[in-house]
Trainee: 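What follows is a single structure, and I will ask about it in a moment.
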There are 2 protein chains.
Amino acid sequence: MFKINENYLKLPGSYLFSTIGKKVAAYQEKNPDRKIIRLGIGDVTQPLAPAVIEALHNAVDEMGDSATFHGYAPDLGYEFLRKAIAVNDYAQRGCDIQPDEIFVSDGAKCDSGNIQEIFSIDNKIAVCDPVYPVYVDTNVMAGRTGTYDSVKEMWSDVIYMPCTQENGFVPELPEAAPDIIYLCFPNNPTGSTITKSGLQAWVDYANRTGAVIIYDAAYEAYISEKDVPHSIYECEGARTCAIELRSFSKNAGFTGVRLGFTVVPRDLKAGDVPLHDLWARRHGTKYNGAPYIVQRAGEAVYSDAGKTQLKEQVAYYMKNAKIILEGLKKAGYSVSGGVNAPYIWLKTPGSMTSWEFFDHLLFKAGVVGTPGAGFGPSGEGYFRLTAFGSHENTIEAIERIKKLG
Amino acid sequence: MFKINENYLKLPGSYLFSTIGKKVAAYQEKNPDRKIIRLGIGDVTQPLAPAVIEALHNAVDEMGDSATFHGYAPDLGYEFLRKAIAVNDYAQRGCDIQPDEIFVSDGAKCDSGNIQEIFSIDNKIAVCDPVYPVYVDTNVMAGRTGTYDSVKEMWSDVIYMPCTQENGFVPELPEAAPDIIYLCFPNNPTGSTITKSGLQAWVDYANRTGAVIIYDAAYEAYISEKDVPHSIYECEGARTCAIELRSFSKNAGFTGVRLGFTVVPRDLKAGDVPLHDLWARRHGTKYNGAPYIVQRAGEAVYSDAGKTQLKEQVAYYMKNAKIILEGLKKAGYSVSGGVNAPYIWLKTPGSMTSWEFFDHLLFKAGVVGTPGAGFGPSGEGYFRLTAFGSHENTIEAIERIKKLG
C-alpha cells in the first residue's frame with residue numbers, strides 16, 4: 001500500500017500566488033466590468049526586447065533545418081551562454097567565476113526550490129522574515145522545518161530573521177547557528193538592499209560558522225546605487241560559502257520564456273565533497289536542459305543591442321517604482337524599497353492586517369497587491385506593490401489609491 | 001556546519017549518458033578524423049516539423065508585442081494545450097481524462113524524476129530490469145533504495161523485475177508487494193511492448209494491492225501493432241491506481257525544445273488525499289510553467305498539418321529501425337524491439353559484456369550504442385541501438401557493424 005509524503009500535508013493553505021490568483025478571479029467573476037490593475041505578482045508586462053525576438057526567430061529557423069537542428073542540450077547549458085554570463089555578470093564585476101561553475105536552468109524559482117535537495121534533511125535553515133515563500137515551502141516539503149505553529153505562523157525548526165522598519169529591512173546575524181542561510185538582495189518582497197560591507201559580514205559569518213549561503217540575486221539589474229553589490233562573489237571568501245541564483249525574468253522579461261542559472265563555485269565543499277559535483281549530478285539526472293532557442297535568447301541579452309534595449313526596459317519599470325513611491329508618500333503612506341528594486345513595501349494604514357488591506361484595495365480600488373503576511377509573520381502589517389505594470393496602469397492605480405483617502 | 005545529502009554519494013558513477021558522452025568525447029579527441037555515428041542516446045536528428053516551426057515563429061512575434069505578450073504561464077499549463085491533449089491523446093482513444101488532470105511540464109525526464117517526491121520515503125519501488133536509469137537514481141537520491149551491492153549492481157530495497165529473452169522482455173507480477181511500480185511501454189531500453197490484457201493485469205494487481213503505477217508512455221507514437229495500448233487509461237480501473245507520463249520529445253522531436261506532461265487522475269487517492277492535489281502543490285511551488293512559445297509549439301503537434309508531418313517523421317525513424325533490425329539479423333545477431341519502438345535490443349556476441357561490446361563498436365566501427373548493463377543487471381549481455389539517426393548514418397552504421405564479422 002503506497003504512502004504519501006506527509007510533509008506536504010503540513011503546508012498551510014496553497015502557494016501564496018495561487019491563493020491571490022483565485023481571490024482575484026472570484027472578484028472579477030462577480031464584477032466582470034471592473035478593470036482590475038495587477039500590481040501583485042512580480043510578473044512583467046513589457047514585450048521582449050527586439051534583440052531577443054530576433055535571436056528567437058533565428059534559433060527557430062535553425063531548429064527547422066536538419067543541418068542546424070539541436071536536440072538535447074549539454075547538461076550545464078550551452079557554452080555560448082555560460083561564457084556570456086561568466087564574462088558579463090562576473091568577470092566584468094571583478095568576480096572569479098568560471099563558465100563551468102554556471103548551471104543554466106529554466107528559472108530561479110525551480111533552482112531555489114531544488115537546491116535544498118543536495119543538503120541533508122538535518123540542516124537547519126535561516127530565512128529573512130518576510131521572505132519569498134518558495135524557500136520555506138520547499139524545505140517543508142523535504143521535512144526540514146519541524147512543526148507549524150498556526151497562531152504564530154512559524155515553523156519550529158526554522159530560524160526567522162526579522163526584517164522590519166526598525167532594522168531597515170536588513171537582517172542581523174542570527175544568534176542560533178543556521179546551516180543554510182537564504183539571502184535575497186535586492187530583496188523580494190521589501191525592496192531593501194545590503195551594502196557591500198554588510199554582505200561581507202555575512203560571508204565572513206558563513207565561513208566562520210561553516211554555513212552555506214543561498215544568495216538570490218534575481219533583482220540585481222534594478223540596482224541604481226553605488227555601494228550595493230550585484231553579486232555575492234564581489235565579497236572576499238564567497239567562493240567557499242555561497243551559491244548564487246540568477247534569473248532572466250526580471251532583467252529581460254523572461255517570466256514566460258523561462259531561463260535562469262545557478263553558480264556553484266568549485267571551492268565550496270563539505271569536507272572533500274564539492275557541492276558542484278552534487279548539483280551537477282542532480283542536473284544530469286533530473287533535468288534535461290533549457291530549450292536551445294531560449295538559451296540563444298539568453299545570449300542576446302548580453303549583446304550590445306540587447307543591453308541597450310534592456311537598460312531602457314529596466315528604466316521603464318523603475319519610473320513606475322518612482323510613481324508608486326512618491327504617490328504613496330503624498331497619500332500619507334509609510335513606504336520603502338523602489339530605489340534598487342522593482343518592489344515597493346508599504347505599511348498598512350491604521351490597524352489593518354495585510355490581508356484586510358488586500359481586500360480593501362481589491363474591493364475599493366480594483367488594485368491587486370500582495371499582503372505582507374503571505375511572506376512571513378514579520379510581513380504582517382505590510383504590503384507589496386510591484387513596478388512591473390504599464391505606466392498607464394501604474395498611474396491609474398496610484399490615483400485610485402489616493403482617492404481611497 | 002552544513003551537511004550534504006549523503007544519498008548522493010551512494011550513487012555509483014555518473015549518470016549513464018554523461019558517462020557515454022565522456023567516453024565518446026575522449027575517443028573523438030584521439031581520433032579527430034574518425035566519423036562517429038551516434039546511435040546511443042535516444043536523441044532525435046530530424047528538424048522540427050513545418051507546422052511546429054510556424055507556431056514557434058507566431059508565438060515569438062506575440063512575445064514581441066505588449067498587446068499579446070505572455071508572462072508567467074498558468075500552474076498546470078495553458079488551457080489550449082491541455083484541451084488539445086485531452087481530446088487527441090485521451091478522448092479519441094476512449095480514455096476519460098479531463099484537461100485539469102493534465103500537468104504540462106518541460107519534459108518526461110523531469111517529471112519521472114520529480115514524481116517520487118510526493119510519496120513517502122518508506123515506500124518500496126519496483127522497476128523493470130533493465131530500466132531507464134532516472135527512475136532508480138532519483139529514488140536513490142531521495143533515500144528510498146537501501147544499500148548498494150556493487151557486485152550484483154543492485155539496491156537492497158528495490159524490487160527488480162527481470163525482463164529478458166525468456167519472458168519476452170515483459171515483467172511478471174512481483175511476489176514481494178511493491179508500493180510504487182514503474183512501467184514503461186513501449187519499453188526503453190528493450191523496445192518491447194505489452195498487450196492490453198497484459199497491462200490490464202497490472203492495473204488489477206495495483207488496485208488489489210494498493211500500489212501506484214508510474215506509467216511512462218513516452219514512446220507511444222511508435223506503436224504500429226493493434227493490440228498495444230497507447231495509454232494506461234485504456235485499461236479499466238487505471239484512474240484509481242495510475243499516473244501517466246508523456247513526452248513531446250520522441251513523437252515531435254522536442255528533445256531540445258522541452259515539453260511533456262503528467263496525468264494525475266482525481267480518483268487516485270491515498271485515503272482522502274488526492275495525489276492530484278500533491279502534484280499540483282509541487283508544480284505550483286517548485287515550477288514556473290513551460291515557456292509560452294513552447295506550449296504553442298505543442299499545440300501545433302495536434303493540428304492537422306502537424307499530425308500529418310509528424311506521422312511522416314515517425315515513419316522515417318521506423319524505417320531506420322527496420323534497417324537496423326534486419327541488418328543485424330542478417331549479420332547473425334539475436335535482436336528484438338524496433339517494431340513498436342525506436343529502440344533495437346540485441347544480445348552481445350559470445351561472452352562479451354555490454355561495456356566490452358560498447359568499446360568494440362566504438363573503437364572498431366566508430367558506432368556509439370548504449371550498453372545494456374547501464375540499464376540494470378539484467379541488461380548485462382545486451383545492447384541498445386536507436387533508430388533516431390539519419391537514414392544515411394543508420395545504413396552506414398549497419399554496414400560497419402556487418403563488416404566486423
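So that the names make sense, note that chain A is the first sequence line, chain B the second, and so on, each numbered from 1.
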Trainee: Side chain, backbone, both or neither: which part of Glu6(B) has a non-hydrogen atom closer than 4.5 Å to chain A?
Mentor: neither
Trainee: For Gln116(B), which atoms come within 4.5 Å of any heavy atom of chain A: side chain, backbone, both, or neither?
Mentor: side chain
Trainee: Going from CG on Asp137(A) to CZ on Arg282(B), what distance comes out if it is rounded to the nearest 0.5 angstrom?
Mentor: 13.0 Å
Trainee: Output the option from Val273(A), Ile293(A), Asp277(A) having the highest count of non-hydrogen pairs under 4.5 Å with chain B.
Mentor: Val273(A)
Trainee: Of the listed residues (Gly113(B), Ala73(B), Ser120(B), Cys110(B)), which shares the most heavy-atom pairs with chain A below a 4.5 Å separation?
Mentor: Ser120(B)
Trainee: Under 4.5 Å from any heavy atom of chain A, what part of Ile121(B) do you find: side chain, backbone, both or neither?
Mentor: neither
Trainee: Spell out, as yes or no, whether a donor-acceptor pair under 3.5 Å connects the side chain of Asn123(B) to the backbone of Phe2(A).
Mentor: no
Trainee: Examine whether an atom of Asp43(B) lies under 4.5 Å from a heavy atom of chain A, and if so say whether it belongs to the side chain, the backbone or both; otherwise answer neither.
Mentor: both
Trainee: Heavy atoms only, distances under 4.5 angstrom: which of Ala206(A), Gly253(A), Gly107(A), Ser66(A) has the most pairs with chain B? Name it, please.
Mentor: Ser66(A)
Trainee: Evaluate side-chain contact (heavy atoms from CB on, under 4.5 Å) for Asn288(B) paired with Asp106(A), printing each intermediate quantity in order.
Mentor: CA-CA 8 Å; Asn288(B) 235 339; Asp106(A) 66 333; over 6 Å; no
Trainee: Quick check on Asp61(B) against chain A: is it the side chain, the backbone, both or neither that has a heavy atom closer than 4.5 Å?
Mentor: both
Trainee: Would you check if Arg258(B) and Arg258(A) make a side-chain contact, meaning some heavy-atom pair closer than 4.5 Å?
Mentor: no
Trainee: Which atoms of Ala177(B) are under 4.5 Å from chain A, going by heavy atoms: the side chain, the backbone, both sets, or neither?
Mentor: neither
Trainee: Looking at Asp65(A), Val52(A), Ile180(A), which has the largest count of heavy-atom pairs under 4.5 Å with chain B?
Mentor: Asp65(A)
Trainee: Only pairs of heavy atoms separated by less than 4.5 Å count here; which of Tyr72(B), Phe254(B), Phe388(B), Tyr8(B) has the most with chain A?
Mentor: Tyr72(B)
Trainee: Non-hydrogen atoms of chain A under 4.5 Å away: do they reach the side chain of His57(B), the backbone, both or neither?
Mentor: both
Trainee: Below 4.5 Å from any heavy atom of chain A, which atoms of Phe69(B) appear? Answer side chain, backbone, both or neither.
Mentor: side chain
Trainee: Specify which of Thr45(B), Asp75(B), Asn7(B) makes the most heavy-atom pairs with chain A at under 4.5 Å.
Mentor: Thr45(B)
Trainee: For chain A, find which of Val212(B), Val134(B), Leu259(B) contributes the most heavy-atom pairs closer than 4.5 angstrom.
Mentor: Val212(B)
Trainee: Hey, what do you get for CG (Asp122(B)) to CD1 (Ile4(A)), rounding to the nearest 0.5 Å?
Mentor: 12.5 Å
Trainee: Top residue by heavy-atom pair count (under 4.5 Å) with chain A, among Glu62(B), Met1(B), Lys109(B), Lys286(B)?
Mentor: Lys109(B)
Trainee: Report the option among Ile53(A), Asn114(A), Leu56(A), Thr285(A) that has the most heavy-atom pairs separated by less than 4.5 Å from atoms of chain B.
Mentor: Thr285(A)
Trainee: Looking at Thr209(B), Val60(B), Val294(B), Ile41(B), which one has more heavy-atom pairs under 4.5 Å with chain A than the rest?
Mentor: Val60(B)
Trainee: In the structure I gave you, are the side-chain heavy atoms of Val257(A) and Met63(B) within less than 4.5 Å of one another anywhere?
Mentor: yes
